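Heads up: the structure comes next, in structure tokens.
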Amino acid sequence: MMGKWEAKLKQIEERASCYERKPLSSVYRPRLSKPEDPSSVWKLFHRQNQAFNFVKSCKENVHVFALECKVGDGQRIYLVTTYAQLWFYYKSRKHLLHCYEVIPENAVCKLYFDLEFNKHANPEADGKKMVVLLIEHVCKALQELYSVSCSAEDVFNLDSSTDEKFSRHLIFQLHDVAFKDNIHVGNFVRKILQPALHLISSEYDNRIPNPVGHEFSHFPETPLKQEISFNQTSPDKDIAKSWTLNSEIPERLESAEQSSPDLSFLVVKSNTGEEHLFVDLGVYTRNRNFRLYKSSKIGKCVALEVAEDNKFFPKQSKNISEENQYFLSSLVSNIRFSDSLRILTCDTSQNKRKRTEHVNSTSSSVETIEGFQCSPYPEIDRFVLSLVTKNDTKGGIRRWNYFFPEELLVYDICRYRWCQNIGRAHKSNNIMLPNTHVQEFLKVSIQRIVVDLKNEVWYQKCHDPVCKAENFKSDCFPLPAEVSLLFLFKELHLGILPASAKEPQAT
DNA sequence: CAGCGCTACCACACCCC
DNA sequence: GGTGTGGTAGCG
């Protein structure tokens with residue numbers, strides 16, 4: 001009865017004392033300085049919040065890790081350091097056993113899976129074969145839903161099995177592709193495993209735990225297309241229509257040759273004999289702790305190791321050992337930047353509906369802002385907007401992302417289709433693509449402006465399939481003086497940076 | 001001195017036939 | 001019995 005309130009109260013007191021000791025700065029000060037010295041960062045916190053607050057104040061590219069304490073009841077403390085420095089102390093495996101990566105909420109991340117079943121309860125289950133089949137299914141889904149190509153060679157396969165349990169982690173190493181955050185990963189995973197979830201619940205009744213929506217088909221198309229085309233009508237009608245459309249989809253697909261795939265291999269029995277999935281769907285929550293390569297749970301002494309049937313082999317490197325490469329590949333939120341990085345999203349129907357309602361209620365224009373239209377650098381935003389304004393077409397910033405080590409601001413542009421590659425605007429809908437996901441993405445956002453703060457230049461990329469195929473990238477152009485780093489530095493020293501500035505990654 | 005974020009489940013209130 | 005709400009134990 002009291003537990004929850006006591007915990008809340010304590011949390012509030014904790015925060016209050018923290019604010020008293022270290023009041024929040026009223027002005028956000030972007031740190032654009034080059035890393036002068038690789039000064040060491042190694043800081044421990046009892047509270048996850050404090051660890052993340054420290055990360056925000058830190059100019060180095062640091063991350064939060066959770067360490068299990070000796071106490072044994074699952075208590076954790078939080079370490080903030082860089083990947084390089086963690087590896088330096090971690091690699092000997094004499095210290096820092098029981099280490100977890102904290103996958104930050106709202107952080108771009110890889111596709112990952114936690115797989116397990118009890119061997120005694122499932123004597124006939126062939127774990128390795130199940131992994132192969134799952135990877136096949138996931139790759140097919142990535143291809144159909146996002147036109148992303150991959151195979152088992154892109155899947156880092158880690159083993160933590162015991163005599164009792166078959167246990168694996170899969171971390172997908174997709175090329176130039178990441179998910180918006182691990183909540184979106186979870187939505188994607190639940191969506192593509194819908195047929196398997198259906199198998200379990202239909203044993204008893206028709207009540208389907210279906211957080212993704214009313215879509216039981218193979219890889220149900222997202223109703224994004226519907227969302228956009230319905231924006232013109234009233235919100236009530238939108239909802240009604242998308243419901244009926246969604247429930248019609250399974251019939252239409254089932255009658256076509258594309259029947260839903262056989263995912264019965266994913267159904268396993270628990271200790272108590274209940275059926276559930278080989279794939280653990282509980283690992284896609286905010287700030288999820290995910291055990292590190294070569295770490296074990298505190299009670300056990302079984303660490304995650306490269307599975308004997310793993311088919312992913314990282315690139316050879318002069319400076320980085322193979323083990324370190326494996327370590328870096330295993331980190332779910334370690335996304336290396338590329339200027340053609342695609343960020344995949346997967347919303348639940350509920351969220352989509354909510355957003356549709358929100359858009360309808362706050363604005364009459366169709367493809368507005370998703371809430372990310374302003375970066376912390378208003379001068380650069382203004383400059384980028386000036387780049388995507390020609391005559392009477394005014395482009396907008398659909399979203400932006402900041403990549404720390406490279407000091408790059410990446411803007412996805414909407415309502416502007418002018419392409420430097422072909423010297424004219426792309427036509428809107430003359431290309432047929434395999435699925436509406438990609439089509440709609442292109443309709444909404446085809447141009448990308450990359451601002452390189454380190455080198456004080458900008459360039460353009462284009463998502464159009466033809467431009468993408470030839471990997472088009474415009475020449476680099478210098479940033480105008482008024483948005484260059486020196487200007488920002490001067491402002492910083494004078495302390496007159498706009499107080500409205502927000503922090504990167506915050507949504 | 002000190003973990004975090006859920007979901008499954010329960011208890012209860014209210015409603016309607 | 002159906003449905004919604006609030007609240008916690010316990011899982012990952």
Side-chain angles (χ1 to χ4, degrees), chain A residues 1-21 43-55 63-80 96 98-107 109 112-118 158 160-162 164-170 181-187 189-190 193 197 200-201 204-212 268 270-272 274-292 295-300 302 304 332-333 348 350-351:
Chain A
M1 193 72 177
M2 291 295 292
K4 186 87 180 190
W5 280 108
E6 274 176 18
K8 269 274 183 290
L9 213 78
K10 221 158 38 171
Q11 220 176 336
I12 290 165
E13 281 167 1
E14 184 75 35
R15 194 168 294 183
S17 80
C18 184
Y19 286 157
E20 275 166 27
R21 272 177 278 129
K43 230 166 143 55
L44 291 167
F45 299 87
H46 284 285
R47 300 290 187 201
Q48 183 181 262
N49 257 335
Q50 298 177 332
F52 277 114
N53 285 338
F54 177 68
V55 168
H63 305 267
V64 179
F65 302 89
L67 315 176
E68 267 181 324
C69 302
K70 303 276 180 245
V71 204
D73 59 346
Q75 265 186 37
R76 289 171 190 203
I77 55 168
Y78 300 90
L79 165 67
V80 176
L96 301 168
H98 333 304
C99 248
Y100 296 75
E101 170 185 13
V102 180
I103 303 167
E105 60 182 308
N106 302 320
C109 72
Y112 64 101
F113 290 87
D114 180 23
L115 308 175
E116 58 178 53
F117 65 81
N118 185 293
L158 290 166
S160 192
S161 299
T162 62
E164 289 272 303
K165 244 175 52 170
F166 180 90
S167 169
R168 296 287 176 104
H169 282 187
L170 303 182
D181 59 38
N182 71 333
I183 303 300
H184 285 260
V185 173
N187 294 341
V189 172
R190 279 185 294 269
L193 298 186
L197 287 166
I200 295 170
S201 45
Y204 304 97
D205 55 15
N206 292 322
R207 188 171 43 87
I208 295 145
N210 180 12
V212 181
V268 292
S270 72
N271 288 335
T272 52
E274 293 152 292
E275 287 192 326
H276 56 147
L277 289 194
F278 177 43
V279 178
D280 182 354
L281 297 174
V283 297
Y284 306 109
T285 55
R286 298 179 164 84
N287 302 318
R288 162 65 43 179
N289 290 192
F290 210 52
R291 189 147 54 92
L292 287 188
S295 267
S296 61
K297 286 186 191 167
I298 196 154
K300 320 268 168 67
V302 188
L304 280 158
V332 172
S333 37
T348 62
Q350 286 99 316
N351 284 347

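It should be emphasised that the depicted structure is a prediction, and the values quoted were computed from it without experimental measurement. Letters A, B, ... mirror the listed sequences (proteins, then strands); counts begin at 1.
Distance, A:R288 CZ to C:dC11 P: 14 Å, rounded to whole Å. Per the geometry, CG belonging to A:L197 stands 11 Å off P belonging to B:dA8, to the nearest Å. Protein atom CZ of A:F117 is 16 Å distant from nucleotide atom P of C:dG12, rounded to whole Å. The CZ-P distance, from A:F45 to B:dG3, rounds to 16 Å in whole Å. We find that NZ of A:K165 is positioned 8 Å from P of C:dG12, with the value rounded to whole Å. B:dG5 atom P lies 14 Å from atom CD1 of A:I103, rounded to whole Å. When rounded to the nearest whole Å, the span between NZ of A:K297 and C1' of C:dG12 equals 8 Å. Rounded to whole Å, atom C1' of C:dC11 lies 12 Å from atom NE2 of A:H276.
In this structure, of B:dA2, C:dG12, B:dG3, it is B:dA2 that holds the atom nearest to the side chain of A:H46. Nearest to the side chain of A:R286, among B:dC6, B:dG3, C:dG12, sits B:dC6.
Contacts of A:Y112 classified as ring pair (Phe, Tyr, Trp, His ring centres under 6.0 Å), with partners at least two apart in sequence or in another chain: A:Y284, A:F290. Every residue meeting the side-chain contact (heavy atoms from CB on, under 4.5 Å) condition with A:K300, not counting sequence neighbours, appears here in chain and number order: A:K297. Judged as a side-chain contact (heavy atoms from CB on, under 4.5 Å), and not counting sequence neighbours, the contacts of A:I77 are A:L44, A:H46, A:L67, A:C69. For A:E164, the salt bridge (Lys or Arg N to Asp or Glu O under 4.0 Å) criterion is met by no residue, not counting sequence neighbours. For the side-chain contact (heavy atoms from CB on, under 4.5 Å) test, residues two or more places apart in sequence or in another chain that qualify with A:D181 are A:N106, A:I183, A:H184.
Ring centers of A:F45 and A:Y78: at least 6.0 Å apart, outside the cut-off.
Between A:F52 and A:P104 there is a side-chain heavy-atom pair separated by less than 4.5 Å.
Phosphate contact (OP1/OP2 of B:dG5, side-chain N/O of A:Q48, threshold under 4.0 Å): present. Regarding contacts with the backbone of B:dC4, every side-chain N or O of A:N287 stays at 4.0 angstrom or more from both OP1 and OP2. A sub-4.0 Å separation between OP1 or OP2 of B:dC4 and a side-chain N or O of A:R47 is present.
For C:dG10 and B:dG3, the C1' atoms lie 14 Å apart once the distance is rounded to whole Å.
Stems are defined here as 3 or more consecutive Watson-Crick or G-U wobble pairs with pairing distances under 3.5 Å; those involving DNA chain C are B:4-15 with C:1-12.
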